[in-house]
Every structure is written in C-alpha cells, then in structure tokens.
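First the structure, in the form of structure tokens, and then the observations on it.
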Amino acid sequence: MQTVKTLHMLRTALAQLRAAPGTRIALVPTMGALHEGHLTLVRRARAEADHVVVSIFVNPKQFGPNEDLDAYPRQLAADAAMLEGEGVGLLWAPDAAAMYPAGFATNISVSGVSDGLCGAARPGHFDGVATVVCKLFNQVQPDMAFFGEKDFQQLAVIRTMARDLDLAAPHADRIIGVPTVRETDGLAMSSRNRYLSPEHRAAAAALPRAMQAASAALAAGAGVDETLAQLQAALLAAGFSSVDYAVLADAASLAPLDTLTDAPARLLVAARIGGTRLIDNMAVPH
Ligand code: PAF
C-alpha cells in the first residue's frame, strides 16, 4: 500500500491506477482510529471496485470549539497496517496544511437536511463535513464512495451536496450507504466508544436495546410521542445523563414525523453518557 501526503503525490498515484482503461476506483473517507465498521466499508468497496483509496484526515472544520478535536484518537501507523491487511492500494493522509492551505476561504453549506438533529447541537459541523468531503471527492474523483449509515444525517447531507453541485465523480447515486456494524451487545461501532469507562460502556448497550423496542412498538401501531417519551425514559433510567434528540423522521428528508406513513421512516437518537455523545439510528418497519 502506498501512503501519500501531498496532492501532487495523490494525483500521480491515481494516474497510475487509472492507466488501465475502465478501472473503477472507490473512496472510503475516514478520520482514522479505524475499527470493524470502517473495515466493512473497505471490504464493500473492494468487492465493487478495482482499487480502493482510503482517506484519513481528522477534519478540524467539523469540530466545534468545545469538541474533542485535540483528544480525537490519531493512530496512523496502526490504521495503515489494518488497511494494508485489507488489500487497500492507496492511503491519502494529508495534514491540515495540505487540505486547507493558507488563504483557504470556501465553505459548503447544505441547508435543510443539515439543520436539525446533530446540526442543531453542533453548529457548523455539517458545513465542515460537506466542505471536506467535496474536496476529497474532487481530489480523488472516485467512481463510487462508501459511508456508514451510522452517521445517517451525514450521509443525507453528502448525497444532497453531490446532487445539488452536479458532482460527477462520484455521481450522487454512487454514494453508497453501508449498514451500521454493531458490537455483540448491539452498540454501534464508533471511534468515540473508546472514551467510555467500562461501566458506561456496559450501560451504553441500552441505546440500541431501547431503540429496537421503540422501533417494534411504532411498527405495531404505538403512538409516536408516547413511544419516544418511553425511549428517553429508558435511556435516562439506564444511566444516560441526557438525550439530545429522539426523533422519528422521514428517511430521505429527515423531516420529523408525528405518525408512521407508507414512506420509509428512521428512528434517530443522540444521547450522552459519561460525557460521551453517542448517536444511533434504525429503520422503522411499516
Ligand atoms: O464520518 C467521518 O469519519 C467524517 O465525518 C468524514 C466523512 C470522513 C469527513 O471528515
């Protein structure tokens, strides 16, 4: 596997990969601290493309002033070894100066789908995500890109950005969402799970459990308000300190729903435990 840290080296390496006509290149954007969830994206990408490019960049623009940018885990050598083991050909690992050279002045803001849920609690977060992902797409110009459904709102923001800006590489319909990978107790895998103490880690499994129960109740016809109130109460009883949101939303627009309809619906939750903010989402069958 080749690791490249400058745009010039990236473009040279990509030109070599594209030398064979018809070569399909997949991009898996990450912030590193890789776990099984990322490796699942890589395996999906390998199954569909001839070459997989993984990017590792802890993007300062998507962290708020009081968030965990400095503490965010960085382990490039260990991540590179994992990717090599998965057969990745190219690792794009720019530093902040390569991604945002002096004078960088552009911001991409996707209104509507960015505004509620995590966007309400983390102002500017999705602008930072949209801006860096647009840059990554332009840098690599992949035929397809893979993202985890764990960050469901992020996926919606990126698809909207690609559609609205007429991006061609990848085309919006080649932005592929991959189902969330879970620990054996159901907790969604996340680089932030490592912040949890053993006690909080055990209690955190209440999140997917309560969401499964809520999803089943909604599918069986229970009222939305009452079900979401029960879900919040279950989390607080299990040791979560607060619930940022617990929402039933239209799966495409993320607009809140007060009743289940024939359109695909998603249950989305963000809640805090021991100072760590966990998010999760699940489809609600109807
Ligand atoms: O999901 C992430 O790891 C990041 O938000 C992403 C998409 C790599 C952009 O920095």
Side-chain angles (χ1 to χ4, degrees), residues 10 26-42 44-45 52-64 67-76 78-80 82-83 88 90-100 104 106-110 113-114 117-119 121-140 142 144-162 165 167 170 172 174-181 188-195 254 268 270 276-281:
L10 174 70
L27 173 65
V28 179
T30 81
M31 296 206 301
L34 302 181
H35 51 65
E36 196 56 28
H38 298 109
L39 301 185
T40 301
L41 302 182
V42 168
R44 234 342 257 290
V52 178
V53 180
V54 174
S55 63
I56 294 184
F57 178 63
V58 182
N59 174 32
K61 287 197 185 297
Q62 68 187 77
F63 288 77
E67 294 185 349
D68 55 346
L69 174 61
D70 291 338
Y72 199 84
R74 289 161 173 87
Q75 46 171 62
L76 188 61
D79 288 345
M82 277 189 243
L83 295 173
V88 170
L90 187 56
L91 170 57
W92 169 220
D95 63 14
M99 186 61 86
Y100 301 120
F104 184 87
T106 298
N107 185 52
I108 296 181
S109 190
V110 183
V113 77
S114 293
L117 306 171
C118 288
R122 305 183 68 190
H125 169 69
F126 288 118
D127 288 11
V129 170
T131 303
V132 81
V133 171
C134 189
K135 280 182 67 84
L136 289 165
F137 284 175
N138 284 330
Q139 291 161 346
V140 177
M144 61 196 94
F146 292 80
F147 295 87
E149 284 187 346
K150 152 114 187 339
D151 296 299
F152 201 76
Q153 189 176 13
Q154 165 172 283
L155 185 56
V157 169
I158 291 166
R159 284 187 168 135
T160 305
M161 180 268 294
L165 297 182
L167 294 193
R174 299 306 291 146
I175 294 173
I176 296 158
V178 177
T180 303
V181 180
M189 286 194 186
S190 164
S191 307
R192 290 189 167 103
N193 290 350
R194 65 184 72 189
Y195 298 156
L254 300 188
L268 299 110
T276 301
R277 185 172 183 276
L278 300 179
I279 59 171
D280 202 348
N281 67 87

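As the structure is a computational prediction, the values presented were derived from the model and not from experiment. Every heavy atom of this structure was used, including side-chain atoms; hydrogens, water molecules and symmetry mates were not. Order of appearance sets the numbers: ligands from 1, and atoms from 1 within every ligand.
Less than 4.0 angstrom separates some heavy atom of T30 from each of these atoms of ligand 1: 8 (C). Close contacts of ligand 1 with V132, meaning ligand atoms under 4.0 Å from a residue heavy atom, involve 9 (C), 10 (O). Numbered from 1 in the order shown, with element, the atoms of ligand 1 that lie under 4.0 Å from a heavy atom of P29 read 8 (C).
Remark: the backbone N or O of C118 is paired with a side-chain donor or acceptor of Q153 at under 3.5 angstrom. For R159 (side chain) and I175 (main-chain N/O), a donor-acceptor pair under 3.5 Å exists by modelled atom type.
Nearest heavy-atom pair, T180 versus E149, reported as atom, atom and distance to 0.1 Å: OG1-C, 3.7 Å. Shortest non-hydrogen contact noted between V110 and D127 is N-OD1, 4.4 Å.
For the pair Q62 and ligand 1, the shortest N or O to N or O distance falls below 3.5 Å. Considering backbone and side-chain atoms together, Q154 places an N or O closer than 3.5 Å to an N or O of ligand 1.
Side-chain polar atoms of N59 and Y72 form no donor-acceptor pair below 3.5 angstrom.
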